[in-house]
Enquirer: 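This is the structure, below, for whatever I ask next.
Everything quoted here is computed from the prediction, not taken from an experiment. Just so you know, these numbers use all the heavy atoms, side chains as well, and skip hydrogens, waters and symmetry mates. Below, chains carry the letters A, B, ... as their sequence lines are ordered, and counting in each starts from 1.
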Protein chains: 2
Amino acid sequence: MSKETVVSIGLSAAIVAVESEQPVVLVVAHDDSDDALPFGPFDPAHHRTLESGLRKWVGEQTRFDLGYTEQLYTFGDKGRHTPAGGDKGRHTPAGGDKSRHTPAAGEKDRQSGGARVVSVGYLALTRRVKEAPETQWRGWYNYFPWEDWRDARPAMIDSVILPALKKFVKDAPNAESAELRRERLNVCFGEGWDEERVLERYELLYEAGLVEEFHRDAGQVSRGPALGTPMLFDHRRILATAIARLRGKLKYRPVVFELMSPTFTLLELQRAVEALAGLRLHKQNFRRLVAEQGLVEGTGKFSAPARGRPAELFRFRREVLRERPAPGLRLGSRRTRAS
Amino acid sequence: MSKETVVSIGLSAAIVAVESEQPVVLVVAHDDSDDALPFGPFDPAHHRTLESGLRKWVGEQTRFDLGYTEQLYTFGDKGRHTPAGGDKGRHTPAGGDKSRHTPAAGEKDRQSGGARVVSVGYLALTRRVKEAPETQWRGWYNYFPWEDWRDARPAMIDSVILPALKKFVKDAPNAESAELRRERLNVCFGEGWDEERVLERYELLYEAGLVEEFHRDAGQVSRGPALGTPMLFDHRRILATAIARLRGKLKYRPVVFELMSPTFTLLELQRAVEALAGLRLHKQNFRRLVAEQGLVEGTGKFSAPARGRPAELFRFRREVLRERPAPGLRLGSRRTRAS
DNA sequence: CCAATTAATACTCATTTCGAGTATATATAT
DNA sequence: ATATATATACTCGAAATGAGTATTAATTGG
C-alpha cells in the first residue's frame with residue numbers, strides 16, 4: 001500500500017429552506033463568478049467527524065446553525081473534463097452512457113495548491129432564514145427550471161429540451177450508444193414524470209451539452225442553449241443530488257417538518273411539500289393522509305388569513321417516529337393545477 | 001483555510017452474493033484477527049475516480065470483477081473510542097442518543113502511519129463465487145443473527161437482546177436519555193419488524209455494549225453477552241449499512257437480478273429476495289407482483305429439480321428499466337413460515 | 001401402476017389504499 | 001347580501017394488498 005495516498009477533503013452543503021412557497025438554497029454569490037454552495041475544507045486536526053467540521057465552518061461562513069443534516073455523496077473524480085472512454089461501473093448515483101463523474105472539478109486548483117480534492121456533499125434543512133454577508137437564499141428552480149411542475153409542465157421541456165435531446169440521440173457515435181441515450185431520454189423526460197430523478201436528468205442534460213458547466217468543464221465556449229443558472233465547480237450536481245434525496249425522503253420520513261415553523265396550517269404544509277416535490281397535490285387526500293398517519297396534531301388555535309376561512313394551526317407530532325415504521329407523505333396524487 | 005487538511009482515503013467494500021438461499025459477504029479472514037471487509041487505500045495518483053480505485057484493488061485483492069456497485073457512506077471519525085459527550089447532529093445514518101460515529105476506527109494506526117483516515121464504504125453485488133486466497137464467503141447472518149426472521153423471530157431477541165436493552169434503558173444517566181433509549185428500543189425491536197433498520201439496530205446494540213466491538217473500541221474487556229461475529233475496525237457497521245441499503249433498494253430497483261444466474265425459477269428468485277430481506281414472502285402474491293411488474297420473461301425452458309414439478313426458467317427483462325419508474329419487489333406480504 | 005410428495009400455477013375474496021370528486025361550512029371584502 | 005377564498009367532511013369507484021383454496025404436473029418409493 002502506497003504511502004502517498006494523500007488528499008484533502010472538501011465539504012459542501014446544500015442548505016435548504018422553504019420561503020413563501022419556494023424552496024430556496026443558500027449560496028455564496030459573487031458578481032464575478034458563478035454561485036457556489038457554501039464549502040470548505042475538512043480539517044482533521046480540529047474535527048472529530050466530517051459533520052462536526054461541516055457544522056463548524058458553515059457556522060463561521062454563514063453564521064447560522066444547521067439543523068437536520070444528511071450526507072449525500074462523496075466525489076473523488078480527477079479533473080474537470082469529460083473523458084470519452086469509460087472504465088466506470090455499471091452504476092452510481094445516476095449512471096450514463098458516457099463516463100463522467102466530474103464533481104469536485106476545479107477545486108483542486110482553488111483549494112490546497114495541487115493536492116487532490118475529494119468532496120463530500122451534504123444536505124441540510126433549516127427553517128432559519130437570516131442571511132449572512134456574502135450569502136443569499138436563491139430559489140432552487142433557478143438552477144433547475146425544468147423541475148418545477150407545479151403550475152404546468154415547463155414549456156422549455158417541449159420547446160428546448162426534447163428537441164436538443166433528440167439531436168443528442170441522433171448524434172450518438174454508434175447504434176448502441178444511441179439506444180442508451182434514447183432510453184435515458186425516455187426515463188428522464190418521457191411518459192410519466194418521476195420527480196425524484198433530478199440527478200439523472202441533470203446528468204443527461206450535462207452530457208448533452210445543455211448546461212453551461214459542460215462547456216466550461218470541457219474548456220469550450222458555450223454555444224446553443226444553456227439551461228438554468230450555472231454554479232461553480234460541480235455544485236449544481238451536488239444540489240441535484242440533494243433535491244433528489246430530499247424528494248425521495250419526503251415520502252417515508254417526516255423531514256418537511258424541519259422546514260416548517262413550529263405551528264402551521266395544513267395548507268402551508270401542503271404548499272411546502274409541493275414546493276419541494278415540484279408537483280401539485282390533491283388537497284383533500286393530502287389532509288386525509290396527514291391525519292391518518294398521525295403526523296400532526298391540532299393546537300386549537302387558528303390562523304388569521306387576509307381572506308378566507310381561518311385554518312387550524314397544527315404542530316408536528318414527534319411521537320410518530322416511535323409509532324410508525326415509515327411516517328412520510330407519500331405523494332401519490334399529483335395534479336397539475338391546485339383545486 | 002488551513003493547508004494541513006491532509007488525510008488518506010480508505011475504501012471498503014461489502015461484496016455480496018447469494019448462495020443456496022444464504023446471503024454471503026466476501027471477507028478477508030485470518031486466524032489471528034477478526035474478519036475484515038476487503039479494503040485498501042485510494043491512490044489519487046493512479047485513479048481518476050474513487051470507484052475505479054476500488055475496482056482496481058478489489059480486483060487485485062480478491063481476483064474478481066465487481067458488477068453493480070454503490071457508494072454507501074463516508075466516515076471520517078477520529079479515534080475508536082465512544083465519546084460520552086455529543087456535539088453531533090440531529091441525524092446521520094442511524095442516529096443515537098449517545099454520540100458515536102466511530103467508523104474508520106483503528107485504520108489510522110494501521111494504514112498510513114498517523115495520517116487521518118477517511119473511509120468510504122461501498123456495496124457491490126455479484127453472482128461470481130470463486131474465492132481468492134485469503135478471502136472467503138461468509139453468511140452475513142453470522143454477523144447479524146438477529147436479522148434473519150425467515151424461520152421465526154430469532155429467539156435471541158427475547159432471551160438476550162430485550163432483557164439487555166431494558167437494562168440499558170434503566171441504566172440511562174437521566175430521565176431524558178432513558179426516554180430516548182426507550183424509543184429506540186421500541187423502534188428497533190418493538191412492535192412491527194422493519195427489516196430495513198439494520199444499521200439502527202446495530203448501533204443500538206453497540207451502544208448498549210452488546211457487540212464485542214464496543215468493548216474493543218473502549219479498550220475494555222468484554223463481559224456479558226457479545227452478539228454475532230465481530231469484525232475488524234468498523235466493518236460490521238459498514239456491512240450493516242450495506243444490508244440496510246440493499247434491503248431498501250430491493251423494493252424499488254431490480255437489484256436482485258444482479259445476484260441471480262442469467263436464468264432462474266421464480267422460486268429461486270423468491271428465495272434470494274427472502275434471504276436478503278430476512279423474511280418469508282407469500283408465494284402466490286410474489287409471483288403476481290413479479291408478473292405484473294413485467295420484471296421477468298419466461299424462456300420456455302424448464303428446471304430439472306430433484307423432486308417436484310419442474311418450474312419454468314425465467315430471465316430478467318432489462319427493458320423494465322425503461323418502462324417502469326420504480327420497478328422493484330415491494331415485499332409487502334411477509335409471513336413467518338413458507339407456504 | 002399407485003400413492004405420497006413436492007412444487008408450480010390458477011383463481012377467489014375481503015380489505016385497504018388511492019385518486020378524484022361533490023357538498024358544505026366559515027371566514028373577509030365590498 | 002353577495003362574491004370570494006379557504007377549510008373541512010364525505011362519497012365512490014378503481015386498484016393494490018394480504019391471505020387463502022383449488023388444481024396441475026412432475027418425481028419417488030413401493
Enquirer: Suppose we define a pair by two distances each less than 3.5 Å, Watson-Crick or G-U wobble; what does dT30(C) pair with here?
Expert: dA1(D)
Enquirer: Let me know the distance between CZ of F302(A) and P of dT26(C), rounded to the nearest Å.
Expert: 11 Å
Enquirer: If I take atom CZ in residue R271(A) and atom P in nucleotide dA5(D), what distance separates them, rounded to the nearest angstrom?
Expert: 13 Å
Enquirer: Would you mind listing every ring pair (Phe, Tyr, Trp, His ring centres under 6.0 Å) that reaches into residues 255-275 of chain A, with sequence neighbours excluded?
Expert: F257(A)-F264(A), F257(A)-F316(A)
Enquirer: Please encode protein proximity along nucleotides 21-29 of chain D as a string of B, S and -, counting only heavy-atom distances under 4.0 Å.
Expert: B--BBBSS-
Enquirer: Looking at residues at least two apart in the chain, or sitting in another chain, which of them share a side chain to side chain donor-acceptor pair (under 3.5 Å) with D158(A)?
Expert: R153(A)
Enquirer: Quick test: give all pairs of protein nitrogen or oxygen and nucleotides 12-14 of chain C nitrogen or oxygen below 3.5 Å, distance rounded to 0.1 Å.
Expert:
none

Enquirer: Only counting residues at least two apart or in another chain, list the ones meeting salt bridge (Lys or Arg N to Asp or Glu O under 4.0 Å) with R138(B).
Expert: D35(B)
Enquirer: Taking atom C1' of dT6(D) as reference, at what distance in whole Å does atom CD of E312(A) sit?
Expert: 15 Å
Enquirer: Taking R247(B) for the side chain and D194(B) for the main chain, is one N or O donor matched with an acceptor at less than 3.5 Å?
Expert: no
Enquirer: Would you kindly give the CG-to-P distance between L269(B) and dA7(C), to the nearest whole Å?
Expert: 17 Å
Enquirer: If I take atom CD in residue E268(B) and atom C1' in nucleotide dA8(C), what distance separates them, rounded to the nearest angstrom?
Expert: 13 Å
Enquirer: Would you kindly give the CZ-to-P distance between F286(A) and dA20(C), to the nearest whole Å?
Expert: 16 Å
Enquirer: Could you tell me the separation between the CD atom of E292(A) and the P atom of dT16(C), rounded to a whole number of Å?
Expert: 11 Å
Enquirer: Side chain to side chain donor-acceptor pair (under 3.5 Å) with N186(A): which residues, sequence neighbours excluded?
Expert: none
Enquirer: Just say parallel, tilted or perpendicular for the rings of F144(A) and W146(A), cut-offs at 30° and 60°.
Expert: perpendicular
Enquirer: Can you sort out the partners of R287(B) under side chain to side chain donor-acceptor pair (under 3.5 Å), two or more places apart, ordered by chain and number?
Expert: none
Enquirer: With sequence neighbours excluded, what pairs up with E297(A) under the side chain to side chain donor-acceptor pair (under 3.5 Å) test?
Expert: R315(A)
Enquirer: For E268(A), give me all partners under salt bridge (Lys or Arg N to Asp or Glu O under 4.0 Å), at least two apart in sequence or on another chain.
Expert: none
Enquirer: Please report the distance, rounded to the nearest Å, between NZ in K301(A) and P in dA27(C).
Expert: 18 Å
Enquirer: Looking at K283(A), does any N or O in its side chain come under 4.0 Å of the phosphate oxygens OP1/OP2 on dA7(D)?
Expert: yes
